[in-house]
Structure formats: C-alpha cells, structure tokens
Amino acid sequence: MNKLTATRNLDDVITRVEGARLKISEHHIVKIIGISKYSTSKEIEELYNVGQRAFGENKVQDLKTKVEELEELPLEWHFVGTLQKNKINNLIDLNPSLIQSIDSLELAQELDKKLQAKNKKLSILLQVNSAYEDTKSGVMPEVAVEIYKQILDTCPNLRVKGIMSIGAHVEDEKVIRESFKTTKKIYDELVPLGAKYCSMGMSSDYELAIACGSNMIRVGSTLFKD
Ligand SMILES: *Cc1c(COP(=O)(O)O)cnc(C)c1O
C-alpha cells in the first residue's frame, strides 16, 4: 500500500460512512477504527499520513510490536481480540485507549484486579455474541445487560463504555441486520448507565451496521487493501 492507495482507501471509507451516518442524523458521529492485524507498521504509517489516527489489533504481542515501532506517532490503540488471562498484564502496560473484547464477567474482574494492583484504570467494551455463533466470543444477548451492570458494580478500575459485536457471518443481509438490531437494542438499554459506544460493523457490513445505529466501526481489509 502506497500513499495513493492509502488515500483512496480511506477516502472511500469516509465517503461511505458519511453517506450512511447522514441518513440517520448529521449529529450521528461514527468513529472509524483501522484494524491493522494483517498489516505492517509501514502501512499503518501510510494511513496515519492521510489522516487516520485510531487503530486496533487482536493479539497482545502484535499490539506491543506496533505500539513500539510507531511510538513517535500520536496514535490511539484499540484491542479487539480474545484476551488470555496470562496476557492481561502485558496489555495493561501498553495503555490501550479501549479494550473492546471483554467477553465475560470473570475476565472483567480479572482485568480489574490487575489494574487495582497497578493503580490504573482502563476503558472497556463488553462483547456481545449477537449472532449466536459458536465460533464467536461474547456474552449472550439475554444476559448482556445484567452482566454489564455487574461489571459496573464490581470493577471500579474499569471505565465501561459500551458494547462491541461482530455481525452474523452469513450472506443473507436480513440475518446480519437482525444481529445488529439485537446489539443496538442492548446498547439503547445501556445508554442510561453511561454507555457511549455501540461498536459494530466491519469491512463487509459497516454501512448496514451504521444504518442499524453503530457509532464505531472496525475496518481492516478494506482500509489496508492494495
Ligand atoms: C479482524 C477484525 C475486524 C476487521 O475485519 P475486516 O473484515 O478485515 O474489516 C473487526 N473486528 C474484529 C474483532 C476483528 O477481529
């Protein structure tokens, strides 16, 4: 990816996001996270140079490598992958802006405990398995609000900012839309409790996700393509 393709890719995403969000409201702001898990630090820098600031990784070691290689740039880093307990301390030390993939009360409490020991706080999202797929992590939609409340009540060192979900992995747009609607409904219930982000939508479905109310999209392949 060179400067020309980085510009084209980012402009394309921004144009589509604008189209989708303005259909909801001019006040509906959508944050774009560039998921860089299959990309190099050099490519991240190309996108930074044309204006992208927020990036996400799904492995703690890859995040560490990229945070270190790009430490001169004022980037915002998100973690979106499965978090193993033995990697929690490493992740905390990288100071991510947002951990989007907290997928159980137990994991939230484990992270909170380690944060207390370090006298630090971090922002998180609760991941919800709105597509009901065995291959996906996340709490079930039926218990999401309850678990969210339990995290708020028991984890003083977590700033709980909302929910994240991955759309159904199918061709049928109706089924994908249903999974997004499920996530949005949960998010709406959590707004009175301080939820700010409804993170849903990836390269193949972010316009649909925005139409369903997403205010944070995570785009990898379409942003980093050659
Ligand atoms: C990889 C990944 C993305 C980006 O996927 P693309 O289809 O490449 O846009 C978004 N969210 C999560 C959690 C991911 O792991």
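Just so you know, ligand 1 is whichever comes first in the structure, and atom 1 is the first atom listed for that ligand.
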Could you list all the salt bridge (charged side-chain N to carboxylate O under 4.0 Å, His left out) pairs where at least one residue sits in residues 32-41, not counting sequence neighbours?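 Pairs touching residues 32-41 that pass the test: none.
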hydrophobic_cluster_shared for I99 and I217, side chain cutoff 4.5 Å: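 Linked, I217 and I99 end up in one cluster.
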Can you give me a line-by-line list of nitrogen or oxygen pairs between ligand 1 and the protein shorter than 3.5 Å?
from: ligand 1; atom 1: 8 (O); to: S221; atom 2: N; distance (Å): 2.8
from: ligand 1; atom 1: 8 (O); to: S221; atom 2: OG; distance (Å): 3.0
from: ligand 1; atom 1: 9 (O); to: S203; atom 2: N; distance (Å): 3.0
from: ligand 1; atom 1: 9 (O); to: S203; atom 2: OG; distance (Å): 2.5
from: ligand 1; atom 1: 9 (O); to: G220; atom 2: N; distance (Å): 2.8
from: ligand 1; atom 1: 11 (N); to: R218; atom 2: NE; distance (Å): 2.9
from: ligand 1; atom 1: 15 (O); to: K37; atom 2: NZ; distance (Å): 2.6

Under the 4.5 Å side-chain heavy-atom rule for ILVMFWY, direct or indirect, which residues accompany L208? V170, V175, I176, F180, M200
Taking C-beta and beyond as the side chain, do I92 and K118 meet within less than 4.5 Å on heavy atoms?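 Yes - at least one pair of side-chain heavy atoms lies under 4.5 Å apart.
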Residue pairs passing the side chain to side chain donor-acceptor pair (under 3.5 Å) test where at least one lies in residues 143-153, sequence neighbours excluded: none
Does E142 have more than 12 heavy atoms from other residues, nucleotides or ligands lying within 6.0 Å of its CD?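 Yes.
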